[in-house]
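See below for the structure under consideration.
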Amino acid sequence: MADMDEQQVRRGGGPPMWWRHGPPWWDRWEDGEEHAPRWPWRSTVLITVFVMAGSNFAAQGQLDDREALDPYARVLLFVATGLLLWRKRYPVVVAFGTSVAATLYLGAGYPYGPVFVAVAVACFNAIVLGHRKAAWAAVGVFWVGHALVAHWLYQWLPPSDDPAAPWGQEGVIAAWVAAIVAVSELAKTRREQWARERAERAQAARRRADEERLRIARELHDVLAHSISVINVQAGVGLALLDTDPEQARSALTTIKAKSKEALGEVRQVLDTLRTPGDAPRTPAPGLDRLPELVQQAASAGLTVEVEGEPPRLAPGTDLAAFRIIQEALTNVVRHSESRHARVHLDHHDGATLRLRIDDDGPATGTDAGGSGNGLAGMRERAAALGGTIEAGPRADGGFRVLAVLPLKASNEVKEDR
């Protein structure tokens, strides 16, 4: 879905990327806000300079109608803009403070000008930070105060002989207030959407990381369980024949050396994905083409394996899952069954699924013969990830059976084709 959105934006359709997911600096701003609000001194200085300079420029065109800027006027302007430095920490106080300062400035008869900017910024900030009612109240105080000054209190306030302001001017002020509120509400809505999308992206990243850790743990379990089982059997053979048949013991030690080297190689391949995520693997992942090698390894552990059927051409993920399922099933026979004979049957005649059946003649050597450990859980997870199933349990005629049904084309690949 995200890729489709990005492609649509690249083609010129839809809003720009920063509008959909927030500006580039959004994540850094959010991270800083989690600890303590930053002091917005740069923007406050810029607004203060703009208001001071803009008021001087506006006063030149209102010399006949309004009072000249004096030190008291400049103090009010400085208070109105200087309060913005605290707008992240005390948004409600700053919203009311700027409204009162601006009302006093206009009530004293000083020129109209960019003093409105301080009120707009303070109320915008309060609404975005979630103090909607307080911001509306502050804007209302400013508008009511201006209306009182312009239509009633003007008789006793400077400049002298100043007539009442036209009511059309109040309409302009009301429109200005409505614009501030509308823009602030829109910004608040977008900010909440960006926060939700950011949380969803973080959750998706954590989910992908968990899935990757589970995949690596499953791979390590399958590699180590099989290899260590073979090594354990051969070590027992070597110890038993060390004095009576040194050549056979030497053969067992050779098998241990070869198997441990192979296991180290596979473990290194799995761990390489942690060191260099996203890089292509240095060696191909194992698949059913290595089934004869797996049969030979089982034979070195004293287990005779018969293979029936030919594997079809499989996607890499399905091929790896099928290999690991057979490997884990044979490992369980070596570890948990007294049988020294197992059968692997592959069937794909329906053209849609691959059926893997692994049987042994039993009986079990302990209470764990039913596969209650992580091995069977790992097989089920592998099959489920591809849209397949695993059935495991004792057979009616004795022994144990593992039946895996895997789709020849994984469900995620089918979606991509569509």
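When reading the values below, keep in mind they use all heavy atoms of this one structure, side chains included, and skip hydrogens, waters and symmetry mates. Quantities reported herein were computed from a predicted structural model and do not represent experimental measurements.
Between Asn332 and Met379, some side-chain heavy-atom pair lies under the 4.5 Å cut-off. Side-chain contact between Ile326 and Leu291: present, with at least one pair of heavy atoms (C-beta onward) separated by less than 4.5 Å. A 4.5 Å side-chain heavy-atom check between Val307 and Val295 finds at least one atom pair inside the cut-off. Side-chain contact between Leu354 and Val405: absent, with no pair of heavy atoms (C-beta onward) separated by less than 4.5 Å. Side-chain atoms of Leu69 and Pro111, non-hydrogen and from C-beta on, do get closer than 4.5 Å to each other. Arg87 has its side chain within reach of Ser43: a pair of non-hydrogen atoms, C-beta onward, lies under 4.5 Å apart. Proximity of Thr44 to Thr81: side-chain heavy atoms (C-beta onward) are nowhere separated by under 4.5 Å. Within the 4.5 Å cutoff, no side-chain heavy atoms of Ser337 are placed close to those of Phe400.
Asp359 has a carboxylate O that lies under 4.0 Å from a charged side-chain N of Arg357, or vice versa, which qualifies the two as a salt bridge.
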side-chain contact (heavy atoms from CB on, under 4.5 Å) assessment of Leu106 paired with Phe116: CA-CA 10 Å; Leu106 296 178; Phe116 300 102; 4.0 Å; yes
Stepwise side-chain contact (heavy atoms from CB on, under 4.5 Å) test for Leu403 and Leu356: CA-CA 6 Å; Leu403 177 62; Leu356 304 174; over 6 Å; no
field: Residue pair Val305, Leu330: steps toward the side-chain contact (heavy atoms from CB on, under 4.5 Å) verdict
entry: CA-CA 9 Å; Val305 180; Leu330 295 180; 4.1 Å; yes
From CA spacing to verdict: side chain to side chain donor-acceptor pair (under 3.5 Å), His341, Glu306: CA-CA 8 Å; His341 183 267; Glu306 295 180 7; 2.9 Å; yes
message: Please evaluate residues Arg74 and Asn56 with respect to the criterion side-chain contact (heavy atoms from CB on, under 4.5 Å), reporting the C-alpha separation (whole Å), side-chain torsions for both, the decisive distance (0.1 Å), and the verdict.
response: CA-CA 10 Å; Arg74 299 186 188 281; Asn56 287 333; 3.0 Å; yes
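Within 6.0 Å of CD on Gln296 lie no more than 12 heavy atoms contributed by other residues, nucleotides or ligands. In Arg343, the CZ atom is crowded: over 12 heavy atoms of neighbouring residues, nucleotides or ligands sit closer than 6.0 Å. Heavy atoms from other residues, nucleotides or ligands lying under 6.0 Å from CD of Gln203 number 12 at most.
A cation-pi contact links Arg89 to Trp39, judged by a cut-off of 6.0 Å to the six-membered ring centre and 45° from its axis.
For the residue pair Ala392 and Leu376, the shortest heavy atom distance occurs at CB-CD1, 3.6 Å. Phe96 and Val141 make their closest contact through CE2-CG2, 4.1 Å (heavy atoms, listed as atom of the first residue, atom of the second, distance). Shown here for Val51 and Pro114, the closest heavy-atom pair between the two residues is CG2-O, 3.5 Å. Of all non-hydrogen atoms in Ala102 and Val119, the two that sit nearest each other are CB-CG2, 3.6 Å. Between Ala138 and Ser99, the shortest heavy-atom distance links the atoms O-OG, 3.1 Å. Minimum heavy-atom separation, Gly113 to Ala58: CA-CB, 4.2 Å.
In this structure, His348 contributes its side chain and Arg313 its backbone to no donor-acceptor pair below 3.5 Å. A donor-acceptor contact shorter than 3.5 Å is absent between the side chain of Thr318 and the backbone of Leu314. Between the Asp319 side chain and the Leu288 main chain, a donor and an acceptor come within less than 3.5 Å of each other. Not a single donor-acceptor pair under 3.5 Å links the side chain of Arg290 to the backbone N or O of Glu293.
Between Lys88 atom NZ and Asn125 atom CG the span is 4.5 Å, to the nearest 0.5 Å. Atom OG1 of residue Thr103 and atom OH of residue Tyr105 lie 13.0 Å apart, to the nearest 0.5 angstrom. Here the CZ-NE2 distance, from Arg401 to His345, works out to 10.0 Å after rounding to the nearest 0.5 Å. Note that CZ of Arg42 and CG of Leu85 are 13.0 Å apart. Values are rounded to the nearest 0.5 Å. Here the CZ-CG distance, from Arg382 to Leu320, works out to 5.0 Å after rounding to the nearest 0.5 Å. Note that CG of Leu76 and OH of Tyr110 are 7.0 Å apart. Values are rounded to the nearest 0.5 Å.
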